Amino acid sequence: MRAPVRACGPTKLKSRLCNENKFIVVRTRFAPSPTGTLHLGNIRTALFAWAYARHHQGQFVLRIEDTDLERSSEASADGILRDMKWLGLDIDEGPFFQMQRMDRYREVVAQMLKDGRAYHCYTSVEELDALREKQKANNEKPRYDGRWRPENIAKFGLEVPEGVLPVIRFRNPDDGVVAWDDAVKGHIEIANSELDDLVIARPAPVGEVGVPTYNFCVVVDDIDMKISHVVRGDGHVMNTPRQINIFRALGVEPPVFGHTPTVLGSDGEKLSKRHGATGLNEYAASGYVPEAIVNGLARLGWSHGNEEIFTPQQLVEWFNLESLTPSPARFDAEKFEWLNGEHIKRMPVDELAKRLEPFLKEAGYDAAPSSGDQLDAAGGDGFAHPTATMIAELLRERAPTLKKMAALARYCFVAPEVDAALLAQHLNEGNRPAIAWVKDQLATTDWVKPALAAVLKDAQTRFTLKTPQVMMPLRVMLTGSAQAPAVDALLLTLGRERSLARIHV
RNA sequence: GCUUCGUUCGUCUAGCGGUCAGGACACUGGACUUUCUAUCCGGUAACGCGGGUUCGAUUCCCGCACGAAGUGCCA
């Protein structure tokens with residue numbers, strides 16, 4: 001489901017480019033390529049850009065950079081939209097698609113050509129390769145030598161070759177340095193002598209403009225979309241000076257740049273499918289809640305003192321670019337899971353129940369109703385079964401993900417298989433009478449927690465047993481496991497009928 | 001090779017010239033006699049190396065090492 005595309009950018013080149021470079025409002029953007037699912041690294045950049053805009057009551061723009069025809073797909077663009085929505089990164093404008101802005105880019109290239117800020121270059125790819133090889137062999141930096149700059153043509157003795165379509169190159173300044181104060185990394189400067197004349201439009205007959213290239217489109221887009229702060233991954237640091245030069249050539253002051261550090265896999269390698277740093281959708285499917293993902297992602301490279309657990313709202317309130325660390329961070333799956341558990345614990349039960357329900361269904365506990373605190377329709381073992389809310393209440397502190405919580409809830413629906421050896425460890429002649437007594441009491445006692453607790457306590461005193469001697473056999477019979485919630489809570493959740501059916505003395 | 005950026009416990013980080021270098025995850029010890037994969041309390045564990053500057057460097061400067069990115073008619 002693709003949102004409607006909005007046209008962006010007027011056709012009056014000059015007036016547009018030269019004037020409105022004062023940004024009153026903060027406008028950030030996220031500009032992914034639709035070439036696959038978003039991984040944690042990408043989405044974190046989006047999160048930071050979004051949080052910055054929201055913090056300043058600014059706007060957040062989504063731009064899809066779909067000019068790589070071979071790898072781009074609509075499905076992937078839809079996936080991006082879906083993931084952002086799930087995380088709560090609401091967008092104010094867009095998505096804009098670069099493919100639909102080609103005319104605009106060409107218009108600007110044509111203008112630059114006319115103004116002498118760009119020129120045709122007939123050097124073939126083969127020649128370029130040869131040139132670079134030679135430069136490398138001589139221990140020089142491989143770069144285009146500017147031979148087709150109008151003033152150099154004669155010097156190089158060049159003639160326009162037959163049947164070769166020229167590319168258009170940007171005339172980069174020869175001297176001086178390009179410098180900017182990166183909002184994350186601080187002052188950075190690069191000598192123009194390190195930069196060469198980059199191709200801004202691919203081959204096309206003279207008089208036409210070929211397909212424009214990335215570094216150029218980005219600048220035109222950021223100008224047209226009035227982006228005030230470019231928050232992006234630090235893989236773009238080396239593009240920045242080139243882009244700044246293009247901004248200036250177009251008569252526009254460049255925006256503020258903030259380059260966020262890379263996220264590495266837990267092994268320290270770059271994030272990729274193999275590292276388990278899988279797509280966001282898979283975290284959703286594993287029972288992670290978006291609040292926890294936002295929290296964890298933000299905490300990877302950003303900090304607000306010693307705050308570890310915070311809500312998306314708090315992130316927005318506290319966020320600033322200066323508190324980003326400039327160094328790369330490793331993804332820590334264990335900490336993410338812990339964080340997820342913390343967010344689950346803090347969530348209102350009803351909300352938790354609502355989110356748990358699909359996971360219960362997926363686990364095969366289909367009949368779970370959505371809410372309420374009374375037993376509802378018959379479950380898989382033939383008894384009225386607990387609601388999602390009751391289960392959430394019972395297990396919220398014991399499961400780090402919704403999926404694990406659903407798995408833990410098994411005994412709420414299905415009679416457990418009780419291992420005889422395990423039971424024998426906890427049930428013996430010493431406590432058997434007590435358990436029998438408890439069962440008797442449970443047949444008639446009020447099914448409320450204080451009453452249930454009282455029965456259990458009475459059993460201890462009446463039979464002079466230690467607490468575990470009463471609790472453990474019940475726990476095992478009720479759940480099939482020695483690790484389970486408090487027995488009174490279990491009884492309450494499971495219900496009288498089901499509980500009695502499971503207690504065998 | 002060249003350019004740019006980076007380097008605090010295993011991991012994420014706080015620190016912005018004087019701290020017993022703090023917190024969190026993980027790990028580990030204990031407590032909770034309603035178990036535990038829960039909860040509470042405790043513990044182990046870090047400033048990459050070498051020079052400066054300074055009364056004093058984790059903090060500032062310079063080298064080195066290591067890592068990352070770039071060096072495309074990819075984005």
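Nothing here was measured: the structure is a model prediction, and the numbers come from that model. Chain A is the first sequence line, chain B the second, and so forth, proteins listed ahead of strands; every chain is numbered from 1.
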Looking only at atom C1', what distance separates B:C40 and B:U4, rounded to whole Å? 49 Å
Looking only at atom P, what distance separates B:C27 and B:C32, rounded to whole Å? 23 Å
P-based separation of B:G18 from B:U58 [nearest Å]: 11 Å
What is the distance, rounded to the nearest whole Å, between atom CD of A:Gln243 and atom P of B:A75? 12 Å
When rounded to the nearest Å, what value does the distance between C1' atoms of B:A45 and B:U53 take? 32 Å
Using the C1' atom in both, what is the distance from B:G43 to B:G6, to the nearest Å? 33 Å
For A:Met405 and B:C36, what is the distance between atoms CE and P respectively, to the nearest whole Å? 21 Å
Is A:Lys335 side chain donor-acceptor paired with the B:C12 base, going by distance under 3.5 Å alone? yes
Check A:Arg101 with A:Glu65, please: is the shortest side-chain N to carboxylate O separation under 4.0 Å? no
Is any side-chain heavy atom of A:His504 closer than 4.5 Å to a side-chain heavy atom of A:Val418? no
I'd like to know if A:Asn239 reaches the base of B:A75 with its side chain such that a donor and an acceptor end up less than 3.5 angstrom apart. yes
Using a strict cut-off of less than 4.0 Å between a Lys/Arg side-chain nitrogen and an Asp/Glu carboxylate oxygen, indicate whether A:Arg149 and A:Asp174 qualify as a salt bridge. yes
Given the P atoms of B:C2 and B:C12, what is the spacing between them in whole Å? 29 Å
Which listed nucleotide (B:U7, B:U39, B:U11) is nearest to the side chain of A:Pro326? B:U7
Out of B:A75, B:U3, B:C5, which has the shortest distance to the side chain of A:Thr67? B:A75
Using the six-membered ring of A:Tyr144, assess whether NZ or CZ of A:Arg169 lies under 6.0 Å from its centre and within 45 degrees of the ring axis. yes
Would you say the side chain of A:Asn139 and the base of B:G1 hold a donor-acceptor pair, judged only by whether the two atoms sit under 3.5 Å apart? no
Could you go through A:Lys134 and A:Asp145, starting from their C-alpha distance and side-chain angles, then the distance that decides it, and tell me whether this counts as salt bridge (charged side-chain N to carboxylate O under 4.0 Å, His left out)? CA-CA 12 Å; A:Lys134 197 175 147 195; A:Asp145 56 8; over 6 Å; no
Could you tell me how far apart A:Arg132 (CZ) and B:C2 (P) are, to the nearest whole angstrom? 19 Å
With the side chain of A:Lys345 defined as its heavy atoms from C-beta on, choose the nearest nucleotide among B:A75, B:G23, B:U39. B:U39
